[in-house]
Amino acid sequence: MKNVSLISAIALVAATAGSAQAQTLEKVISEGVLACGVSEGVPGFSNPNSEGVWEGLDVDICRAVAAAVLGDSDAVRFSPLTSSQKILAVSSGQVDMTSRTTTWTMKRDSSEGVDFTQVVFYDGQGFMVRAESGITDANQLDSATVCVTTGTTTELNLADFARAQNITIEPVVFEGKREAVAAYESGRCDALTTDASQLGAFRTSFIDPEAHTILDTLISKEPLAPLVAHGDNQWKDIVTWTIFGLISAEELGITSENVEDLAANSDNPDVQRLLGVSGDTGGFIGLEGTWMKDVIASVGNYGEIFDRNLTQTLGLERGLNAQWNDGGILYAMPIR
């Protein structure tokens with residue numbers, strides 16, 4: 001009986017803790033705003049424009065969730081977070097979610113009080129050097145100084161790479177990515193390392209972009225995904241399936257321009273379910289039936305988000321982030 005009582009007590013505590021965590025949807029609805037953690041400024045992903053309005057792929061993911069939950073993609077309060085803050089801000093409840101070029105790793109997902117949702121960008125870690133250095137391969141960085149942000153997978157990958165290649169690299173560590181980029185541009189380091197897409201983004205802001213070369217070498221896999229607090233399964237489902245909805249919309253050819261017409265006239269069962277014409281997919285996760293119709297009308301599908309934030313502004317190609325039936329690995333679970 002003692003064992004049964006102990007098990008019952010543990011179950012009660014777990015259930016109580018779980019119910020305490022499962023309040024994010026109610027909180028967001030009550031406050032009428034989604035608190036979303038973003039970067040301190042990465043062009044194409046999350047960066048304030050000249051008018052102070054946040055823009056980027058990660059920003060649009062936040063706006064998509066706000067549209068799904070509140071019917072208003074502008075109902076977002078953006079919180080710039082450093083690399084050392086991005087996990088704690090979610091686990092402590094400071095923000096409702098983080099959409100901030102964050103790599104999905106086992107340690108983060110299992111032991112730091114957060115859950116990852118769905119990958120929104122597949123990337124890899126690379127290096128940028130000055131063109132005049134003559135360096136064409138990362139293996140030539142022996143004895144080099146490399147600017148890197150602390151508390152990131154980038155820092156760990158750099159150490160692993162040096163050890164695996166039996167070369168000596170001196171990391172010059174910074175708290176924030178802005179500081180690391182500024183230090184590299186000023187000549188304090190021989191190279192800068194971070195996700196390859198971010199290297200391209202930062203290079204566009206340099207005085208002479210052509211004076212800097214991004215090496216072809218990639219030393220890691222960097223699946224970037226939004227994260228939420230551990231224990232709130234409903235909220236995790238909402239963020240996850242909103243992202244799947246964006247990916248599905250592109251696959252089905254639903255855009256911000258034709259969403260109203262397709263909602264009224266499409267005979268495709270998949271389109272009808274996604275737009276709330278049939279079934280109750282919104283009800284599965286506690287949202288209105290038109291949740292994805294509201295999202296697509298506000299921010300477009302995944303392809304539209306990628307194009308305006310990364311292709312048009314940075315010249316990035318889809319690559320791995322193309323749809324699964326178009327040479328990439330972007331794949332949404334069935335919404336039905």
Side-chain angles (χ1 to χ4, degrees), residues 34 36-39 41-47 54-69 73 76 78 81 83 86-87 90 95-105 108-109 114-125 152-154 194-198 200-201 220-228 235-251 254-256 274 291-292 295-296 298-314 316-324 326-333 335:
L34 171 72
C36 194
V38 291
S39 75
V42 177
F45 288 90
S46 53
N47 200 44
W54 283 91
E55 296 177 333
L57 183 145
D58 287 336
V59 167
D60 280 344
I61 297 299
C62 300
R63 296 193 189 281
V65 175
V69 175
S73 62
V76 185
F78 294 103
L81 303 172
S83 296
K86 61 188 178 184
I87 304 294
V90 178
V95 295
D96 303 315
M97 62 179 287
T98 286
S99 183
R100 188 204 176 282
T101 56
T102 303
T103 302
W104 188 341
T105 69
R108 288 172 172 171
D109 196 41
V114 298
D115 288 329
F116 282 82
T117 54
Q118 169 59 28
V119 176
V120 296
F121 192 88
Y122 292 94
D123 211 342
Q125 184 174 331
T152 62
T153 56
T154 307
T194 187
D195 296 346
S197 63
Q198 294 182 45
S220 70
K221 294 182 293 184
E222 303 295 325
L224 309 180
L227 52 144
V228 298
W235 185 245
K236 178 185 177 183
D237 286 345
I238 288 171
V239 177
T240 298
W241 286 98
T242 297
I243 297 169
F244 280 148
L246 293 170
I247 297 170
S248 294
E250 181 186 19
E251 182 180 348
I254 308 171
T255 70
S256 56
L274 188 63
W291 63 295
M292 275 309 303
V295 170
I296 299 164
S298 299
V299 303
N301 62 38
Y302 179 88
E304 289 177 277
I305 292 172
F306 191 103
D307 182 59
R308 68 169 168 264
N309 291 306
L310 300 179
T311 302
Q312 293 181 21
T313 60
L314 301 180
L316 291 187
E317 298 180 356
R318 289 291 292 269
L320 291 177
N321 297 289
Q323 290 278 344
W324 64 279
D326 192 29
I329 59 175
L330 206 66
Y331 192 106
M333 301 302 109
I335 296 180

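Since we're looking at a predicted model, the values are computed, not measured.
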- Taking side chain as C-beta onward, heavy atoms only, is Ser83 less than 4.5 Å from Arg100? yes

- Value rounded to 0.5 Å, distance of CZ in Phe306 from CG in Leu330: 9.5 Å

- What distance separates Phe45 CZ from Asp60 CG, expressed to the nearest 0.5 Å? 12.0 Å

- Task: Sequence neighbours left out, what passes side-chain hydrogen bond (donor to acceptor under 3.5 Å, both in side chains) with Glu250? Give chain and number order.
- Result: Arg318, Gln323

- Item | Flag side-chain contact, heavy atom, 4.5 Å: Trp235 against Asp115 | no

- Message: For Pro223 versus Val119, what's the shortest heavy-atom pair and its separation?
- Response: CB-CG2, 3.8 Å

- Minimum-distance pair of heavy atoms, taken over all atoms of Ile305 and Gly300: CD1-O, 4.4 Å

- Backbone N or O of Ile238 within a donor-acceptor pair of the Trp291 side chain at under 3.5 Å? no

- Note on the structure: Nearest heavy-atom approach of Gly44 to Leu310 is O-CD2, 3.3 Å

- Message: Is it the case that the side chain of Asn321 and the backbone of Tyr122 share a donor-acceptor pair, with hydrogens and angles ignored and the cut-off at 3.5 Å?
- Response: yes

- Message: side-chain contact (heavy atoms from CB on, under 4.5 Å) for Leu274 and Ile254? Distances and angles first, verdict last.
- Response: CA-CA 10 Å; Leu274 188 63; Ile254 308 171; 3.7 Å; yes

- Measure the shortest side-chain to side-chain distance between Trp54 and Val76 over non-hydrogen atoms and say whether it is less than 4.5 angstrom. no

- Message: Please report the interatomic distance OG1(Thr101) to CG(Leu57), rounded to the nearest 0.5 Å.
- Response: 10.5 Å

- Query: So which heavy atom on Arg308 is nearest to which on Thr313, and how close?
  - Reply: O-CG2, 3.4 Å

- Query: Looking at Thr98, Val120, Val65, Thr242, which one forms a side-chain contact (heavy atoms from CB on, under 4.5 Å) with Pro226?
  - Reply: Val120

- Any side-chain donor near an acceptor of the partner, Asp307 and Gln312, under 3.5 Å: yes

- Determine the minimum heavy-atom distance between Leu314 and Ala201, stating which atoms define it. CD1-CB, 3.7 Å

- Query: So Trp104 and Phe116, would you call those rings parallel, tilted or perpendicular, with 30° and 60° as cut-offs?
  - Reply: parallel

- Just how far is it from atom CD1 of Ile243 to atom CE of Met333, taken to the nearest 0.5 Å? 12.0 Å

- Message: Less than 4.5 Å apart, side chain to side chain, heavy atoms only: is that true for Thr153 and Thr105?
- Response: yes

- Item | Distance, nearest 0.5 Å, that separates CG of Leu227 from CE of Met97 | 8.0 Å

- Any idea which heavy atoms bring Ala67 and Ser298 closest together, and the distance? CB-OG, 4.0 Å

- Item | Straight-line distance of Glu304 CD to Ile296 CD1, nearest 0.5 Å | 9.0 Å

- Query: Are any side-chain N or O atoms of Ser46 and backbone N or O atoms of Gly56, one a donor and one an acceptor, separated by less than 3.5 Å?
  - Reply: no

- Mind checking whether Ile61 and Leu246 have side chains closer than 4.5 Å, heavy atoms only? yes

- Test item: side-chain donor near acceptor, Thr103 and Glu222, under 3.5 Å: yes

- Side-chain donor or acceptor of Ser197 paired with backbone N/O of Asp195 under 3.5 Å: no

- Item | Gln118 side chain reached by Tyr331 side chain, heavy atoms, under 4.5 Å | no

- Message: Whether the side chain of Ser99 engages the backbone of Cys62 through a donor-acceptor N/O pair (distance < 3.5 Å, no angle test) should be reported.
- Response: no

